[in-house]
Amino acid sequence: MREEKIVPRIGYACLTVGVEGTQFKTLTLKNATPEKITAIISHNLDALEAIIDYNGKNGIRLFRITSDLIPLSTLPQNTVPWATLFQERFAAIGTKIKKTNQRVSMHPGQYTVLNSPDENVVGKAIEDLEYHATILELLGCDQTSKIILHVGGAYGDKIQAMERFKTNYLRLSDKIKKHLVIENDDRVYTIEEVLTLGEALNIPVVYDNLHDAVNPSPNREEPISYWVDRAEATWKKADGRQKTHYSQQDPTKHLGAHSATIDLDVFMQYVKNLGRTDLDFMLEVKDKNISALKCHNAFRADQKMIHLENEWARYKYLVLAKSPKNYQLIRTLLNDKRSYPVELFYRLVDEALNTPSDFGHEVNALEHIWGYFKTCATETERRRFEKLLEEFKNTGTSLPSLKNHLYKLATVHHENYLLQAYYFNEIR
DNA sequence: TGACGTCAAGATCCG
DNA sequence: CGGATCTTGACGTCA
């Protein structure tokens with residue numbers, strides 16, 4: 001029997017880009033009523049289920065669930081007994097997660113601080129961790145589903161602050177401890193310090209590459225693989241495979257800011273340098289599932305042209321609107337159905353997307369898409385398209401209105417091929 | 001007191 | 001009304 005190729009799982013955090021029905025809703029305190037809270041939870045569970053469905057369909061096996069699933073989750077103003085009220089919805093979604101073999105996690109933000117000297121802050125942090133653990137329990141997740149936490153503040157005395165983390169960790173319920181893992185952050189706790197804590201407390205450690213680049217331990221010479229391997233040793237069998245965070249610096253933003261998309265060449269070189277593929281990568285990137293699919297396709301076990309063709313279906317009009325040259329190059333590239341030119345494919349796609357907008361190319365793409373409706377559109381639909389197109393040609397504005405119009409046409413006329421296009425991401 | 005990070009809600013203005 | 005463009009919220013730490 002042939003041995004199964006070990007491939008990394010690659011996931012994304014909280015939200016999708018360009019997937020219908022996956023938008024979460026929030027609520028401000030001053031508008032909070034039990035009715036509104038209940039309605040939003042119900043809506044958000046539908047959105048979560050839509051994301052889980054999307055992941056299942058697209059081979060994504062790693063996903064972080066948003067902490068905003070329940071609005072105002074730990075505030076006294078939220079009096080809705082949501083855990084019992086939505087028990088069955090959670091269980092149903094949990095069943096889907098298990099059936100599609102997804103590993104889900106959660107990640108309280110920088111404001112959940114377990115090592116604060118302020119007991120009030122610690123109390124709220126524990127409550128927040130209980131909330132996160134409750135979500136995972138309701139979904140029926142096992143110990144391989146993790147809650148990723150930062151160590152917290154330094155308060156002028158890091159050694160003492162780390163001791164306080166240990167003391168407060170021991171106060172946590174088993175329900176939390178079962179899922180809790182710790183991660184290096186980009187301002188205070190380096191990977192070396194987090195490993196010290198993790199090794200002392202027997203807590204798995206998540207290595208975050210960008211945090212490490214921004215906040216490295218002083219005078220170190222070890223390669224990244226050293227820290228990743230040392231973190232690997234903190235993962236027990238029951239915790240599942242080692243999980244890491246991966247992101248790239250946005251060159252236009254401040255140090256530590258996540259990039260718009262993942263540069264696949266850079267990511268592949270990173271993995272190559274690690275010398276391992278038996279680990280999970282949670283991507284932290286603006287374009288979310290789009291980059292996750294890109295990286296997943298690069299490492300997936302079944303490297304078949306069909307996966308690139310599916311991607312091409314989503315990207316093609318966006319590419320056409322930017323670079324007809326790359327559009328043609330990609331079409332040719334995908335001709336050989338036995339090949340799998342994944343790196344070149346995404347290089348050409350991303351190169352096109354990074355090309356400055358060209359008016360003529362935008363019009364070309366618009367007319368190309370209009371071709372779907374030429375024969376089936378009503379007279380009103382045709383007039384509106386022509387009016388907006390004229391306006392765009394004359395003034396350069398109303399491109400979003402045009403896209404909106406075309407997207408609505410695609411909905412009305414059931415052009416499912418168009419509905420999935422990344423071309424419509426900004427207006428969906 | 002504002003920056004930090006995050007994303008949707010809410011406000012406001014335009015045509 | 002659709003659409004564009006701010007501003008606010010909810011959290012804790014640190015300069």
Open item on the list: Closest-nucleotide mapping onto DNA chain C: is A/L29 or A/G152 further toward the 5' terminus? I mean the 5' end.
Closed with: A/L29
Open item on the list: Just the rounded figure in Å: distance from C1' of B/dT6 to NE2 of A/H254.
Closed with: 12 Å
TODO: Using whole Å, report how far NE2 of A/H150 lies from P of C/dC14.
DONE: 14 Å
Open item on the list: Could you check whether A/Y407 and A/Y423 have their ring centres less than 6.0 Å apart?
Closed with: no
TODO: Give the rounded distance in Å between these two atoms: NE2 of A/H245 and C1' of B/dG5.
DONE: 15 Å
Below 3.5 Å between N/O atoms, which protein atoms pair up with nucleotides 2-4 of chain C? Just atom names and distances, please.
| residue | atom | partner | partner atom | Å |
| --- | --- | --- | --- | --- |
| C/dG3 | OP1 | A/N404 | ND2 | 3.0 |
| C/dG3 | OP2 | A/N404 | ND2 | 2.6 |

TODO: Give me the ring orientation class for A/F345 and A/Y315: parallel if the planes are under 30° apart, tilted from 30 to 60°, perpendicular past 60°.
DONE: perpendicular
Open item on the list: Using the ring centroid of each side chain, check whether A/H245 and A/H107 are separated by less than 6.0 Å.
Closed with: yes
Task: Nearest heavy atoms of A/F90 and A/L139, plus distance in Å - done: O-CD2, 3.3 Å
TODO: Look at all strands and tell whether A/G109 reaches a base, only sugar-phosphate, or nothing, counting heavy atoms closer than 4.0 Å.
DONE: nothing
Task: No-hydrogen, no-angle side-chain donor-acceptor test under 3.5 Å, A/Q102 and A/T100 - done: yes
Open item on the list: Over all strands shown, is A/H258 touching base, sugar-phosphate only, or nothing at heavy-atom distances under 4.0 angstrom?
Closed with: sugar-phosphate
Open item on the list: Once you apply a heavy-atom cut-off of 4.0 Å, does A/S116 come out as touching a base, just sugar-phosphate, or nothing?
Closed with: sugar-phosphate
Open item on the list: With a 4.0 Å limit, can you tell me whether A/Y155 has a side-chain N or O closer than that to the phosphate oxygens OP1/OP2 of C/dC14?
Closed with: no
Task: A/R187 CZ - B/dG5 P separation (whole Å) - done: 8 Å
TODO: Give the rounded distance in Å between these two atoms: OH of A/Y111 and P of B/dA3.
DONE: 12 Å
- [ ] Would you indicate whether A/R89, at its atom CZ, is surrounded by more than 12 heavy atoms from other residues, nucleotides or ligands within a distance under 6.0 Å?
- [x] yes
TODO: With the side chain of A/L72 defined as its heavy atoms from C-beta on, choose the nearest nucleotide among C/dA10, B/dC7, C/dT13.
DONE: C/dA10
Open item on the list: Students often get this wrong, so: under 4.0 angstrom with heavy atoms, is A/K158 touching a base, only sugar-phosphate, or nothing?
Closed with: nothing
Polar pairs (N or O, both sides) under 3.5 Å between protein and nucleotides 9-15 of chain B?
| residue | atom | partner | partner atom | Å |
| --- | --- | --- | --- | --- |
| B/dG10 | OP1 | A/N31 | ND2 | 2.5 |

TODO: Under the side-chain contact (heavy atoms from CB on, under 4.5 Å) rule, what do A/I93 and A/L45 come out as? Steps first, then yes or no, please.
DONE: CA-CA 8 Å; A/I93 297 169; A/L45 287 172; 4.1 Å; yes
- [ ] Tell me which nucleotide among C/dG12, C/dA10, C/dC14 gets nearest to the side chain of A/K124.
- [x] C/dG12
Task: Spacing between A/D186 atom CG and B/dA3 atom P, to the nearest angstrom - done: 18 Å
Task: Rounded distance in Å - CG (A/D68) to P (C/dC11) - done: 12 Å
Open item on the list: Heavy atoms from C-beta onward define the side chain here; which of C/dA10, C/dT13, B/dT6 lies closest to that of A/L75?
Closed with: C/dA10
Task: Main-chain N/O of A/A39 paired with A/K25 side-chain donor or acceptor, under 3.5 Å - done: no
Open item on the list: Without decimals, in angstroms, what is the distance between A/D128 CG and C/dC11 C1'?
Closed with: 9 Å
Taking distance alone, no hydrogens or angles, what donor-acceptor pairs closer than 3.5 Å link side-chain atoms of residues 266-275 of chain A to residues at least two apart or in another chain?
| residue | atom | partner | partner atom | Å |
| --- | --- | --- | --- | --- |
| A/Q269 | NE2 | A/N273 | OD1 | 3.1 |
| A/N273 | ND2 | A/Q269 | O | 3.4 |

TODO: Classify the nucleic acid contact of A/A125 as base, sugar-phosphate or nothing, counting any heavy atom under 4.0 Å across all strands shown.
DONE: nothing
TODO: Look only at the side chain of A/T355 and the backbone of A/E351, and say whether a donor-acceptor pair between them is shorter than 3.5 Å.
DONE: yes
